[in-house]
Amino acid sequence: MRVTKEQLFKLIKEKLMKAGLSEVSANHVSDVLVFADHRGIHSHGAVRVEYYAERIAKGGITVKPEYRLEKTGPASAIYHGDNGPGHEAALYAMEEAVAMAKENGVAIVGVKAISHSGALGYFVEKAAKEGMVAISVCQSDPMVVPFGGTEPYFGTNPIAFSCPTNDDRIITFDMATTVQAWGKILDARSKGKDIPDTWAVDANGMPTTNSRDVHALLPVAGAKGYGLMMMVDILSGALLGLPQGIHVTSMYQDMTQGRNLGQLHIVINPAFFTDPTMFKTQISTMLDGLKQQPAAPGYGEVYYPGERGKLRAEKYDKDGIEIPDDIYNYLISNDVHYDRYHGKNRFAE
Ligand code: NAI
């Protein structure tokens, strides 16, 4: 089914409000989910609404959160999320971080005790639109083996980075620290398909091509991705006094309790380090240079991070955003959720 951005936003917002979110919170969450689908990050768009609706309805997301900014230094703060919608708390925390960086040059704001916050590119892009350079990292539930291990220990712990230019381009590099997202395994399972042997391991820690045998995901680039996901976990977990690694709460097991997740925003104001106009011009020149690079066979052209999402958004603006029929049918239905997630195993199916 193809829908416009506006139609998708309205459908998601209505469903989240029906589950119990306030209109303000539903607006914020819907904006992040539509951002993801609009750029082709379908793993973090409308496909997640039913999960959020079930968690909201069962009390696992605070519907009237009491957010609180705790300034801990001139350039540091903790944003207490009260286990409210992670998308909203992370947005408010980023707005605070941008304001602090405009004033002080840099800001590090920890977002403490939140639910899942979706595609992190959303938050860093907000900062880049204000002329800032930003990094955001967050924890997620354990489903990845440590390099050389057999049991899941860390989450898919994503890293996002955004940087402005002196034109309408924004660099947004936004990745999970695994070879592939868990959603890709579920997708292969539902289609009865094999997966490449680089994505995941079986219960013995051996690479597997059978999507049904997957026991845990593999870090991207072996020991290097393992190091990165550990770094993310430390920055958004222990640094904020939150549970870490294997102790991070499961997305699915108990939908009645807040997840107590952490996220960390780092915002840098270029004006405190160099001439900000020169900086943005230099970044634009870099992107121009990259676009002139010869493409390797089969690649068509060289893209900068975030460019393919921008092109996808332009295409979707013309043709409509592609949403699977079952997701669309759920969104237009009167049902809040179908009790599919509470108490499920660690990766839900
Ligand atoms: P991906 O593999 O689709 O893309 C990763 C990065 O590579 C993107 O910045 C993209 O612009 C860039 N890229 C891809 N192809 C490119 C090309 N041909 N040339 C240049 N750059 C290219 O992303 P992934 O790892 O599947 O992550 C998807 C989303 O999942 C992200 O938004 C991430 O924040 C989110 N996520 C959220 C989690 C959470 O707990 N909140 C957990 C894990 C992921």
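We count ligands from 1, going down the list as the structure has it; atoms in each ligand are counted the same way. All values below were derived from every heavy atom in this structure, side-chain atoms included, with hydrogens, water molecules and symmetry-related copies excluded.
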Identify, for [atom], the protein heavy atom at the shortest distance, and state residue, atom and that distance.
| atom | value |
| --- | --- |
| atom 18 (N) of ligand 1 | Arg308 CD, 3.5 Å |
| atom 24 (P) of ligand 1 | Ala176 N, 3.9 Å |
| atom 7 (O) of ligand 1 | Phe173 CE1, 4.2 Å |
| atom 29 (C) of ligand 1 | Ile41 CG2, 3.7 Å |
| atom 10 (C) of ligand 1 | Gly306 N, 4.4 Å |
| atom 21 (N) of ligand 1 | Pro305 CA, 3.8 Å |
| atom 20 (C) of ligand 1 | Tyr303 O, 3.5 Å |
| atom 43 (C) of ligand 1 | Thr156 OG1, 3.2 Å |

Quick one: which ligand 1 atoms are inside 4.0 Å of a heavy atom on [X]?
| X | value |
| --- | --- |
| Ser140 | 40 (O) |
| Met175 | 5 (C), 25 (O) |
| Ala119 | 32 (O), 34 (O) |

Legend entry - Check ion pair Lys13-Glu23 (N to O, under 4.0 angstrom):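 Answer for the salt bridge query: yes.
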Determine whether the side chains of [X] and [Y] contain a donor N or O and an acceptor N or O closer than 3.5 Å.
| X | Y | answer |
| --- | --- | --- |
| Asn210 | Thr208 | no |
| Ser284 | Asp167 | yes |
| Glu88 | Ser25 | yes |
| His116 | Tyr52 | yes |
| Thr209 | Asp194 | no |

Inset, instruction - Report yes if the distance between the aromatic ring centroids of Phe173 and Tyr304 is under 6.0 Å, otherwise no. - result: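 Ring centres of Tyr304 and Phe173 not closer than 6.0 Å.
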Legend entry - Validation row, ring centre His28 to ring centre Tyr92 under 6.0 Å: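 Yes; Tyr92 has its ring centre under 6.0 Å from that of His28.
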Inset, instruction - Give a yes or no on whether atom 12 (C) of ligand 1 lies under 4.0 Å from any heavy atom of the protein. - result: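 No.
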Inset, instruction - For atom 2 (O) of ligand 1, decide whether some protein heavy-atom distance is shorter than 4.0 Å. - result: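 There is no protein heavy atom less than 4.0 Å from atom 2 (O) of ligand 1.
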Inset, instruction - May I ask you to check whether Gly118 has an N/O atom sitting below 3.5 Å from an N/O atom of ligand 1? - result: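 By distance alone, the answer is yes.
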Legend entry - Polar proximity ligand 1 side, Pro158 side, N/O cut 3.5 Å exclusive: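 There is no such contact.
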Run the contact test for [X] against ligand 1 with a 4.0 Å cut-off on heavy atoms, strictly below, and give the result.
| X | result |
| --- | --- |
| Thr178 | no |
| Gly309 | no |
| Ala160 | no |

Legend entry - For the student: nearest non-hydrogen atoms of Phe273 and Val106, plus distance: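 In terms of heavy atoms, the two residues are closest at CZ-CG1, 3.9 Å.
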Inset, instruction - Kindly give the heavy-atom pair with the smallest separation between Pro152 and His215, and that separation in Å. - result: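 Heavy atoms only, the tightest pair is CD-NE2, 4.0 Å.
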Proximity to ligand 1 by part of [X], non-hydrogen separation under 4.0 Å:
| X | value |
| --- | --- |
| Asp174 | both |
| Cys138 | side chain |
| Asn157 | neither |

Inset, instruction - Share the residues that join Met278 in a hydrophobic cluster, the rule being Ile, Leu, Val, Met, Phe, Trp or Tyr side chains under 4.5 Å apart at the heavy-atom level. - result: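 The other cluster members (ILVMFWY side chains, heavy atoms under 4.5 Å, direct or chained): none.
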Inset, instruction - Could you list who else is in Ile170's hydrophobic cluster, with ILVMFWY side chains joined at under 4.5 Å, directly or through other members? - result: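 Ile170 shares its hydrophobic cluster with no other residue.
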Legend entry - Closest candidate by heavy atom, reference atom 40 (O) of ligand 1, pool Lys184, His44, His116: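 It is His116 whose heavy atom sits nearest to atom 40 (O) of ligand 1.
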Inset, instruction - Find out whether Tyr51 and Met255 are in side-chain contact, i.e. whether some heavy atom of one side chain is under 4.5 Å from a heavy atom of the other. - result: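 When only atoms from C-beta onward are counted, Met255 and Tyr51 do touch, with a gap below 4.5 Å.
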